[in-house]
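Because the structure is predicted, anything quoted here is derived from the model rather than measured. We name chains A, B, ... by the order of the sequence lines, and we start the count at 1 in each one.
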Amino acid sequence: MIIGYSAQIFADFAGYSLIAIGIAKLFGYRLPDNFNQPYLAQSITDFWRRWHMSLSAWLREYLYFTLGGNRHGAARTYLNLMIVMGLGGLWHGADWKFAVWGLWHGALLAIERFLGLGEPGRNLLAVIRIPVTFVLVTVGWLFFRLTHLSDIGVLIQEFGKPWRDVYSTSTGTANVTSIFVLVALVAMFHLPTAWLHAFPRLSTAIKAVTFQLRPYALGFLLAVILMASGSRHAFIYFQF
Amino acid sequence: MHSSIFSFDFSAIAKIVGTAAATILLAWAVVPGELPYDEQPVPGAEPLNELIVERYIYEAPHKPVVMLGSSILTMIPPSNCRPDNVASIYLQAGSAITGLEVIRRVGARPSVVFVEVTTAIMGEDAKLLGTVFIPLYWRIRLAVPPLRHNRNWLVLLYRLKAYERLGPAYSFQWPSQGLAQWNEARAAHIAPILQVYGYDYNIDPPLAELTARVRELRHAGTRVIFYDSADPRVRAISWLRNLREKLKAAFPGVEMIEAPEEEAPMYRWDGLHFVDASGLWFFNYLMRRAGIPFTPKCELVPRAPGPW
């Protein structure tokens, strides 16, 4: 369920941003990208260079640098990170849950800086760092998702309960199957793009075939979306 | 060189639209119009209500008998026991008023409409109606089944998996506890309902809404039957009693059926919602009282007769 929320908030906000970018482009404006595969980040520092890039740039330029950035020693740098991220959390709403979410990220950024783990690497360690970062980000989303910060106790109690077999109930089976199918669909459409992105020197022939198949894939996706219409839920980020 | 609309690659758009249309047509051909799990519940009141209303709009407006109410109606009777000539709009946390509006918008002309009085204090669910009756699009959905929420492939998949695990039941037995014991055991669930119903509600606005819609329906030749299936303690609450009386006054001679506690064990989870056996029994009772012929799909396994 928690991982599901990580997926939901990314799809929600990144999709929302892409719609804005696309509409602006129709009118001749080129807006900067707001996301760059954030769940492939190798550290929280790396994550904030990939997630909500417009906000993180604003926080860096107008808050972090104004507070002195890293120019007044290590302790002050860590404090600045906490303040900036705490305020960044409050940007989402005047609620303690957002402040705690921001402080969680601020603390992680400070720890990374202390341990010198902020910069992404190109070695085997990245294979471990990506899932670890994802888990840390996902734990942060817990605070974000809560209705009230006081609900955290209920959540911790739930974690303490023994593992239930989701397949033991009809709704569990149905939920899990639906999620797997959705994940498979998302993967089907994203893997070719990720593949081309990861291997830019791919042969021209393969690129041409991928390009030619794209309209058919988009047509299929359009039909899938049309045939999955239902409740109209507002974007999560619409409220911020 | 400036690009213009004339240099736009329309063939790519044609490929996208063509593939989308072909996929929808394929789904239309492959998915049967009626599936055994079409009424399998889905999580969440809002999506479930959309499915219930859509099922009526697209698949049942021709049915001569329509039952309108709230979640109380869910078990009157269990969905797979509903006879072929009966449709039901059982809205979770809703009321019959929304169902009446659905009938009006669709332009259906049923012969008999059962209207639940117990929850008539709740007004029309404008959000639900807005979601289902999207201007123009709901008519496109009427023509193209794969675009319906009821044929949403995720909903189908979810329902199929749930149905495979549960399957339908066609035979129901009363709970083994006596009714007095049952009510004692459920007291903690009945108390909050009595508390909510105990507030002093202004029944005039919903009454006006209800009477206007019922009058319109009766004017079109539909026989309207009111019913109240709640626990006698709930039914005795003054505003609900007043509501029934005012409805009788507004429509002289109208049929008003109440659950006959003396005839069969009325097992309710919380004073409102029936267990399956009682729901099935009460449905059969309504049909009998109204003199509506129907072919039963489910049976009640008898238990030793009262005292309940």
Side-chain angles (χ1 to χ4, degrees), chain A residues 1 4-5 7-8 11 22 25-28 30 147 164-189 192 207-234 236 238, chain B residues 9-28 30-31 37 40-51 54 127-128 130-132 134 137-138 140-141 144-167:
Chain A
M1 188 198 84
Y5 186 67
Q8 187 194 4
K25 215 167 180 179
L26 286 174
F27 292 95
R30 191 174 288 273
T147 310
R164 278 170 297 187
D165 177 11
V166 287
Y167 290 103
S168 64
T169 62
S170 57
T171 49
T173 310
N175 272 330
V176 170
T177 313
S178 307
I179 288 167
F180 276 131
V181 171
L182 268 178
V183 169
L185 259 175
V186 170
M188 196 173 99
F189 284 98
K207 277 186 184 170
V209 169
T210 312
F211 194 74
Q212 276 178 359
L213 288 176
R214 209 159 63 163
Y216 300 107
L218 286 172
F220 180 70
L221 188 62
L222 177 65
V224 165
I225 292 167
L226 285 172
M227 291 191 294
S229 58
S231 302
R232 292 174 293 169
H233 297 297
I236 300 174
F238 194 67
Chain B
D9 181 11
F10 282 105
S11 69
I13 301 288
K15 283 175 193 167
I16 292 172
V17 173
T19 309
T23 309
I24 291 168
L25 284 172
L26 183 69
W28 196 345
V30 168
V31 181
Y37 43 88
Q40 194 72 38
V42 298
E46 279 184 37
L48 182 55
N49 285 345
E50 280 174 40
L51 290 168
E54 275 206 351
K127 190 180 170 201
L128 172 65
T131 308
V132 176
I134 301 167
Y137 194 52
W138 80 270
I140 295 173
R141 281 174 162 172
V144 188
L147 299 181
R148 297 172 193 169
H149 192 27
N150 254 325
R151 285 292 171 270
N152 175 329
W153 55 272
L154 267 174
V155 171
L156 287 177
L157 181 69
Y158 182 92
R159 284 179 153 170
L160 169 68
K161 298 313 290 181
Y163 181 80
E164 280 175 355
R165 292 295 294 255
L166 287 174

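Listed by chain and number, the residues in a side chain to side chain donor-acceptor pair (under 3.5 Å) with A:Gln212 amount to none (sequence neighbours excluded). Qualifying side chain to side chain donor-acceptor pair (under 3.5 Å) partners for B:Asn150, counting only residues two or more places apart in sequence or in other chains: B:Arg159.
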| query | Given A:Met227 and B:Leu154, is the side-chain contact (heavy atoms from CB on, under 4.5 Å) satisfied, shown in steps? | reply | CA-CA 9 Å; A:Met227 291 191 294; B:Leu154 267 174; over 6 Å; no

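A distance of 10.0 Å separates OG1 in B:Thr19 from CG in A:Leu213, rounded to the nearest 0.5 Å. In this structure, OG1 on B:Thr23 lies 12.0 Å from OH on A:Tyr216, to the nearest 0.5 angstrom.
Minimum interatomic distance between A:Val224 and B:Trp153 (heavy atoms only, all atoms of both residues): O-NE1, 3.1 Å. In terms of heavy-atom proximity, B:Ala20 sits nearest to A:Ala223 at O-CB, 3.5 Å. Taking all atoms of both residues into account, the shortest heavy-atom contact from B:Ile16 to A:Pro215 is CG1-O, 3.3 Å.
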